[in-house]
Amino acid sequence: MLVTKEEIFKRFWYPVMPTSQMSEQPQGFELLGQKIVLWLDDLGQPAVASDRCCHRSAQLSKGKVIDGNLVCPYHGWRFDGSGVCVKVPQLEDNSQIPKTYQINTFLAQERYGYVWVCLGEPLNGIPEIAEAKDPSFRLIPEFYETWHCAGLRVMENEFDLAHPTFVHTTTFGSEAHPVPDAIEVRETEYGITGTATLGVVNPEQQQKNLKMDEGITTRVLDLDWYLPFTCKLRINYLNGLVHIIVNTTTPINDSASQIVQFCLRNDTEADVKAKDVVAFDRAVTLEDKAVLETTDYDVPLDIKIEQHMMTDKPGILMRRKLSKLLASNK
Ligand code: FES
Ligand SMILES: [Fe+2]
């Protein structure tokens, strides 16, 4: 599956930039092979457009923002948040600006500390993460970086409970638990949902983060995958601590994904410093990245093409669900 060849992926929301990175300057990004520019409009709301001026195709993200309008770096035409050209410095009377002086804009909204963008008519809303509204949870932004692999590989990896023993050898993988103690997954309207239990190693660094002295522990997991590239992994520890990982692999193009990960925890900064939480998840994530970047980015949805084992059930369900989605759009 090549994401840029399937128009339907334009109809989903993706987080493309942390809100904190939206400065006074326009920001460029590539989403599904489409170059876009993001800026804050006159109301301070995120605006998104094609990163290409309608005059001579100059890249607008190399320009600037004045009074919430995007200013082209080539001849200074200005565009408002709806893409309408509101000033042509070479024209004496700007009320004469032709209506065709316009750039394509896209939908944008802020959620969970990120600007989410949809390039088409949305099929679904932004995934609802209930704990993000729960005051007993704090949200910690974790990673925002490009990985050279398909987003689907990362989604499958999140729910693949056979890989920790081999991949997470310096973090939580346990040789005593090469397979999960239990796993159940089923299809939903939005993707898949399920539960699992996995015995894991609990190294010293993580013992402090979890407030648990034991060298081994058990993760009771609630799994949710939202079409096409967002997953939520709620890790429930036996002492009541909950650590939720939300990860979207925003598709840049066929071979690269922007990893956007944050976590939610029902503890406080006084209990455990956010930087220590991020440090452990950083080590885990780098272990995944090293192996995932070696995989083929053209992931076959036809399950006859790659080989499978029983722990691949979530991945098989994801491929079937995506196959149906693509078929429904033909
Ligand atoms: S190319 Fe943008 S104003 Fe000329
Ligand atoms: Fe992993």
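Ligands are counted one by one from 1 in listed order, and the atoms in each one are counted from 1 as well.
The distance from atom 4 (Fe) of ligand 1 to the nearest N/O/S atom of Cys53 is not under 2.8 Å. Counting backbone and side-chain atoms alike, Asp288 contributes an N/O/S atom closer than 2.8 Å to the Fe ion (ligand 2). Atom 4 (Fe) of ligand 1 lies under 2.8 Å from an N, O or S atom belonging to His75.
As for His55, its N/O/S atom nearest atom 4 (Fe) of ligand 1 is the one called ND1.
Checking side-chain atoms of Trp225 against main-chain N and O of Pro228 turns up a donor-acceptor pair under 3.5 Å.
At the Fe ion (ligand 2), the vertex angle linking NE2 of His163 with NE2 of His168 is 90° (nearest 10 degrees).
Ligand-side atoms of ligand 1 in range of Tyr74: 1 (S), 4 (Fe), range being under 4.0 angstrom from any heavy atom. For ligand 1, the atoms sitting less than 4.0 Å from at least one non-hydrogen atom of Cys72 are 1 (S), 2 (Fe), 3 (S), numbered in the order shown with element in parentheses.
Counted by atom type alone, Glu158 and Asn247 present one or more donor-acceptor pairs between their side chains at under 3.5 Å. A side-chain N or O of Asp51 and one of Ser61 form a donor-acceptor pair less than 3.5 Å apart. Side-chain contact of Asn209 with Asp276: a donor-acceptor pair under 3.5 Å is absent, judged by distance alone.
How far CZ of Arg319 is from CD1 of Ile305: 9.5 Å, rounded to the nearest 0.5 Å.
Here the rule is side-chain contact (heavy atoms from CB on, under 4.5 Å) with Glu142, and of Thr285, Val260, Val278 only Val278 fits it.
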